[in-house]
Amino acid sequence: MTCFLLLSSRAEEIAADGEYAAFLRFGGLRADELERVRMEQASFLPVSLDDYDGVLVGGSPYDASTPEDDKSPAQRRVEAEMSTLLDEIVARDLPFLGACYGVGTLGVHQGAVIDRTYAEPIGAVTITLTEAGRRDPLLADLPESFDAFVGHKEACSVLPPDAVLLASSPTCPVQMFRVRENLYATQFHPELDLPGIITRIGVYRDYGYFQPKEHDEVVAGVRSADVWAPPRILEAFVRRYRRD
């Protein structure tokens with residue numbers, strides 16, 4: 001039986017449930033093929049990685065670059081447990097795809113610099129594949145340039161030493177990278193379509209991504225975007241790594 005693991009850290013039910021539904025839909029998975037763990041709720045270790053074809057990580061309100069004393073106990077616990085789990089995931093080269101928060105988790109674990117140099121407001125940006133990206137099997141069905149939804153206060157300013165840069169944007173040089181053969185992280189959101197990002201704009205209107213009075217303007221901005229390509233990355237990930 002194919003089974004992937006989704007690690008989520010969204011405390012808001014509507015955002016967490018919407019994210020899970022998006023990974024199911026765009027990954028072409030049934031509910032019994034995608035197990036979800038709500039990392040923010042309680043300790044989630046140990047995890048038996050032998051049970052999974054791959055691991056997915058959703059976005060998060062947690063920022064890796066937040067000073068340690070300003071992080072909540074839940075965030076510190078999640079980060080410590082993610083680091084422990086990544087020790088094994090990286091050692092195995094177990095298929096891994098982290099969306100947005102994946103840059104902060106896999107990136108930090110592998111020695112990247114994560115800071116606020118290349119933050120991007122909520123909206124659509126043009127992603128351009130590198131030469132390595134054009135050759136990568138997860139991106140083979142995508143055009144060289146495409147639009148994707150972003151919205152983040154931090155990003156990778158220096159790649160991990162052994163990472164391969166797969167995609168960039170004019171405002172954020174590291175939009176996607178790969179470590180070893182099977183470990184991927186994207187700064188943009190491959191799981192987001194228009195209804196999904198509009199929901200998150202509402203959920204996170206008071207989280208500092210924009211001024212609350214700008215809500216309608218931000219929604220209008222995403223409505224004009226033509227974002228269709230990124231979900232193909234999730235489809236390609238599942239197709240490549242499912243074992244049945």
Side-chain angles (χ1 to χ4, degrees), residues 2-41 44 52-62 78 82 95-106 120-125 127 138-139 141-142 146-153 166-167 169 175-176 183-205 207 209 215 218-219 221-242:
T2 294
C3 190
F4 290 85
L5 174 66
L6 174 62
L7 299 174
S8 172
S9 55
R10 298 186 183 278
E12 305 79 6
E13 294 297 324
I14 187 171
D17 291 346
E19 180 179 73
Y20 179 60
F23 275 100
L24 287 173
R25 183 168 68 255
F26 294 127
L29 294 165
R30 302 186 309 270
D32 63 340
E33 296 176 316
L34 182 61
E35 181 180 339
R36 177 174 58 161
V37 169
R38 298 283 297 276
M39 298 188 293
E40 85 288 352
Q41 292 184 344
F44 59 93
Y52 303 105
D53 296 351
V55 176
L56 299 161
V57 174
S60 177
Y62 297 154
V78 167
M82 271 298 307
F96 175 93
L97 175 59
C100 194
Y101 191 46
V103 170
T105 54
L106 181 61
E120 293 177 298
I122 294 176
V125 299
I127 307 294
L138 255 60
L139 304 170
D141 293 337
L142 272 64
F146 55 89
D147 285 353
F149 288 125
V150 299
H152 52 98
K153 301 174 187 176
L166 300 177
S169 72
Q175 285 285 356
M176 184 174 184
L183 311 171
Y184 294 87
T186 68
Q187 187 63 74
F188 61 90
H189 286 274
E191 84 287 4
L192 274 185
D193 58 5
L194 181 59
I197 195 168
I198 288 176
T199 295
R200 289 195 195 167
I201 289 169
V203 170
Y204 295 110
R205 67 185 299 162
Y207 280 66
Y209 294 99
H215 172 272
V218 175
V219 169
V222 300
R223 285 191 185 279
S224 64
D226 182 19
V227 174
W228 58 270
R232 292 188 178 185
I233 297 171
L234 289 177
E235 180 184 3
F237 182 84
V238 170
R239 184 173 63 244
R240 183 182 182 194
Y241 294 117
R242 69 190 315 161

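Model, not experiment: these values are computed from the prediction.
At a cut-off of 3.5 Å, with distance as the only test, no side-chain donor of Gln187 or Ser169 sits close to an acceptor on the other residue. Side-chain contact of Tyr204 with Arg10: a donor-acceptor pair under 3.5 Å is present, judged by distance alone. At a cut-off of 3.5 Å, with distance as the only test, a side-chain donor of Tyr52 or Glu35 sits close to an acceptor on the other residue.
The two atoms that bring Ser224 and Gly221 nearest to each other are OG-O, 2.8 Å, heavy atoms only. Nearest approach of Leu7 to Met39, heavy atoms of both residues: CB-SD, 3.7 Å. Here the closest non-hydrogen pair linking Cys100 and His152 is SG-CB, 4.3 Å. Residues Ser9 and Gly59 share a closest heavy-atom pair of OG-O, 3.8 Å. Summarising the geometry of Val125 relative to Glu120, their closest heavy-atom pair is CG1-OE2, 3.7 Å, with the distance given to 0.1 Å.
The CG atom of Leu34 sits 8.0 Å away from atom CG of Leu5, with the distance rounded to the nearest 0.5 Å. A distance of 9.0 Å separates CD of Glu191 from CG of Leu6, quoted to the nearest 0.5 Å.
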Show your working on side-chain contact (heavy atoms from CB on, under 4.5 Å) between Ile198 and Arg223 and close with a plain yes or no. CA-CA 9 Å; Ile198 288 176; Arg223 285 191 185 279; 3.7 Å; yes

As a quick check of understanding, evaluate side-chain contact (heavy atoms from CB on, under 4.5 Å) for Met176 and Leu139, giving each step before the final call. CA-CA 11 Å; Met176 184 174 184; Leu139 304 170; 3.8 Å; yes

List the steps and the verdict of salt bridge (Lys or Arg N to Asp or Glu O under 4.0 Å) for Glu19 and Arg36. CA-CA 10 Å; Glu19 180 179 73; Arg36 177 174 58 161; over 6 Å; no

Audit row: Val222, Leu194, side-chain contact (heavy atoms from CB on, under 4.5 Å) steps and yes/no: CA-CA 7 Å; Val222 300; Leu194 181 59; 3.9 Å; yes

Between Phe23 and Leu234, is a side-chain contact (heavy atoms from CB on, under 4.5 Å) present by the stated rule, with each step listed? CA-CA 7 Å; Phe23 275 100; Leu234 289 177; 3.6 Å; yes

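In terms of the ring pair (Phe, Tyr, Trp, His ring centres under 6.0 Å) criterion, Phe26 has no residue partners (sequence neighbours excluded).
A salt bridge (charged side-chain N to carboxylate O under 4.0 Å, His left out) with Asp193 holds for exactly one of Arg232, Arg200, Arg25; it is Arg25.
Classification of the Tyr184-Phe237 ring pair by plane angle, with boundaries at 30° and 60°, yields perpendicular.
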